[in-house]
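These numbers come from the heavy atoms of this one structure, side chains and all, not from hydrogens, waters or symmetry mates. Model, not experiment: these values are computed from the prediction.
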Amino acid sequence: MPKKPAKAKPKLGVVFWTSSTIILAAAIVAMLIPARFQVASESVYGWISNYFSWFFMLAVFGFGVFLIFLALSPYGRLKLGGDRSKPEFSFRSWIGMLFSAGLGVGLVFFGVAEPMSHYMISPFTGGPVEDEDAAKMAMGYSFFHWGISQWSIFGVAGLAIGYSQYRKQKNGLVSTSLEPLFGSEYNQRARKAIDVLAVIATVTGMATSVGLGIMQMDGGLNIAFGTPSGALTQIILTSLMTGLFILSTTTGLKRGIKWLSNLNMILAAVITIFVMAVGPFTFIMESIIVGLGDYLSNYVGYSLRMQPYSGEVWVQEWTVFYWAWVIAWSPFIGSFVARVSKGRTIREYVLGILIVPPMLSFLWIGALGGTALYSDLFNGTNIGELVLENDTAALFALFDQLPMTALFSALAILLIFTFLVTSADSATFIVAGMTSGNTESPDIRLKIIWGVLLGLLTVTLIIAGGLTSLQAASLLAGLPFGIILILMIVSVSKSMRREPNTSMTRRQKKGQR
């Protein structure tokens with residue numbers, strides 16, 4: 001029998017070499033001069049948050065309005081694929097992959113830390129602290145940050161990429177999704193620059209998430225098991241994550257990521273059910289209802305809230321950071337969401353990502369954050385004070401107040417770790433596709449290269465400045481890509497308007513003529 005031809009190596013062009021060089025250079029600089037890098041990070045963070053907060057707030061609000069309008073319009077009947085295409089993944093696996101890749105690490109980190117922070121320090125000048133009104137506001141604002149707004153950012157990126165890739169049968173590059181706006185033959189240098197920006201935004205956004213997860217695991221191991229905390233532990237954890245990610249990535253999307261995503265959902269469900277079972281169940285459920293009501297009634301106000309008259313920076317430190325971080329994630333999450341949503345209608349896609357993952361997030365925050373609030377309000381504990389001292393300790397400070405502390409601390413650390421592996425696996429899948437042009441099945445070796453670069457950047461950012469450096473990286477990448485997202489909305493809208501009317505005709509029921 002004749003031998004099968006060897007698989008061609010991926011072609012690495014300008015996008016790969018430019019983006020990888022910039023990321024590697026940033027990591028080396030952060031490693032060689034960490035003190036100066038931290039000062040520079042703080043300057044960048046302050047400048048962008050001071051001068052461009054209005055842009056992030058207005059853009060993200062507009063993303064949500066656009067997607068909701070689209071779902072309710074006739075365009076909602078169009079599919080991310082051909083008219084006869086079917087979803088590739090079951091609904092449960094689809095939601096599991098969205099949840100794991102999109103919000104896992106950040107949600108575990110902030111699920112207790114955020115409501116307790118708002119409970120201790122009011123989002124409003126002179127607002128209530130450490131009482132019933134403070135607890136209500138804390139829950140409502142936490143829901144706002146993890147609700148529709150975050151997922152509307154992912155949704156816009158995924159819609160534009162998925163529509164171009166599966167409806168129009170083109171590649172899944174961000175630059176290609178802008179062809180309806182600029183024309184199929186638009187400037188090659190501009191194309192490469194857009195894709196380089198998408199890669200850098202993805203890696204820096206992912207590094208922020210991995211950094212938060214590693215810092216929380218480091219703090220949790222120290223609190224629960226007395227493991228020494230510091231740079232060495234963080235480097236070991238990042239190396240372990242990279243090694244497991246490499247093992248996962250060799251199994252491919254349908255096996256590796258799908259299996260780990262389902263494991264994440266099971267672990268998150270076990271922890272949530274346990275906390276609700278041993279915690280104040282009635283208080284938790286009532287807190288979720290009250291928080292949801294507060295969120296819905298203040299959605300527009302919170303979405304467009306700025307503080308120009310008081311000079312306060314709370315919105316910049318919380319909301320603007322969140323939106324910039326999520327925008328930096330959006331090329332990765334958008335590409336990944338598009339990949340796993342192939343065959344679904346735009347209406348199903350929008351309603352799925354704007355309702356199901358946010359509701360799961362509310363359940364997690366309500367169960368864990370609500371229990372922490374109850375403990376400080378009625379049991380006289382000091383979880384809030386511990387959070388202000390060290391926000392990585394928030395989740396484990398809660399477990400200290402519950403039975404089986406060691407077991408569930410270990411499960412939480414495992415959950416963070418598997419979330420990190422899942423997110424890294426998904427992100428490098430997408431980045432490898434962006435830098436090789438093969439967005440359907442990128443070369444494994446290229447995924448490993450990007451995994452190593454991601455781990456290296458994460459470690460150097462943590463060592464150079466911790467959370468400040470991570471936040472600055474997200475803001476720096478999120479600002480220009482926010483403009484790209486707006487262009488993607490214009491582009492996909494223009495493409496949908498060109499659809500033949502028959503594509504949006506309502507399906508007739510059997511027997512109807």
Side-chain angles (χ1 to χ4, degrees), residues 45-46 49-50 53-54 56-58 60-61 64 106-107 109-150 280 283-326 358 361-362 364-391 393-395 397-398 467-468 471:
Y45 181 80
S49 62
N50 284 336
S53 292
W54 62 270
F56 288 109
M57 301 297 287
L58 192 61
V60 173
F61 179 67
L107 191 59
F109 187 94
F110 287 109
V112 176
E114 180 170 357
M116 295 309 298
S117 295
H118 302 339
Y119 172 72
M120 299 296 292
I121 301 175
S122 177
F124 296 90
T125 304
V129 294
E130 299 185 60
D131 60 16
E132 294 84 350
D133 291 334
K136 174 187 173 184
M137 186 179 296
M139 194 63 72
Y141 232 121
S142 298
F143 282 11
F144 169 69
H145 284 149
W146 294 93
I148 290 174
S149 299
Q150 276 210 25
F283 179 88
I284 289 171
M285 296 308 298
E286 291 178 353
S287 293
I288 292 174
I289 298 300
V290 172
L292 187 60
D294 187 75
Y295 164 49
L296 293 175
S297 62
N298 290 291
Y299 173 72
V300 175
Y302 288 171
S303 295
L304 300 176
R305 181 189 170 205
M306 298 298 300
Q307 298 170 296
Y309 310 115
S310 65
E312 297 291 326
V313 295
W314 189 94
V315 171
Q316 285 93 325
E317 291 177 348
W318 282 96
T319 308
V320 172
F321 162 64
Y322 271 136
W323 292 177
W325 176 27
V326 176
S361 301
F362 297 163
W364 174 271
I365 295 171
L368 281 77
T371 301
L373 288 170
Y374 180 91
S375 186
D376 272 19
L377 275 170
F378 301 110
N379 295 337
T381 56
N382 64 337
I383 297 175
E385 293 178 5
L386 293 173
V387 169
L388 293 184
E389 293 176 6
N390 180 11
D391 47 11
L395 180 60
L398 169 64
L467 185 58
T468 301
Q471 289 174 323

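- Between the side chain of D391 and the main chain of A113, no donor-acceptor pair closer than 3.5 Å is present.
- Closest approach of F283 to G370, counting heavy atoms only: CE2-O, 3.2 Å.
- I121 places none of its side-chain heavy atoms less than 4.5 Å from the side chain of V129.
- The distance from atom CG of D131 to atom OG of S122, rounded to the nearest 0.5 Å, is 9.5 Å.
- The minimum heavy-atom distance between L398 and A372, with the atom names listed, is CD1-N, 3.9 Å.
- Residues P115 and A138 share a closest heavy-atom pair of O-CB, 3.2 Å.
- From M116, atom CE reaches atom CD of E130 across 8.5 Å, with rounding to the nearest 0.5 Å.
- No side-chain donor-acceptor contact under 3.5 Å links D133 to the backbone of P128.
- Contact annotation: the side chain of H145 never approaches that of F321 to less than 4.5 Å [non-hydrogen atoms, C-beta and beyond].
- Side-chain contact between Q150 and W323: present, with at least one pair of heavy atoms (C-beta onward) separated by less than 4.5 Å.
- Looking only at side-chain heavy atoms (C-beta outward), D294 and M139 stay at 4.5 Å or farther from each other.
- You'll find the side chain of F109 stays beyond 4.5 Å of the side chain of L395, heavy atoms only.
- Annotation: the span from S375 atom OG to I383 atom CD1 amounts to 4.0 Å, rounded to 0.5 Å.
- Considering every non-hydrogen atom in both L107 and W364, the closest pair reads O-NE1, 3.4 Å.
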For the pair F143 and L296, evaluate side-chain contact (heavy atoms from CB on, under 4.5 Å) and give the outcome as yes or no after the intermediate values.
-> CA-CA 9 Å; F143 282 11; L296 293 175; over 6 Å; no
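- When all heavy atoms are compared, the tightest approach of S149 to F144 is OG-CE1, 3.9 Å.
- You'll find the side chain of Y295 reaches within 4.5 Å of the side chain of I148, heavy atoms only.
- Side-chain contact between V112 and T371 is absent, with no heavy-atom pair separated by less than 4.5 Å.
- Rounding to the nearest 0.5 Å gives a distance of 7.0 Å between OH of Y302 and OG of S297.
- When all heavy atoms of V315 and R305 are compared, the closest pair comes out as CG1-O, 3.7 Å.
- Side chain of S53 to backbone of N50: no donor-acceptor contact under 3.5 angstrom is found.
- Between W146 and Y322, a ring centre-to-centre spacing shorter than 6.0 Å is recorded.
- Considering CG of L304 and CH2 of W54, their distance stands at 13.0 Å, rounded to 0.5 Å.
- Considering only heavy atoms from C-beta on, W318 stays 4.5 Å or farther from Y141 through its side chain.
- Atom OG of S142 sits about 13.5 Å away from atom OH of Y119, to the nearest 0.5 Å.
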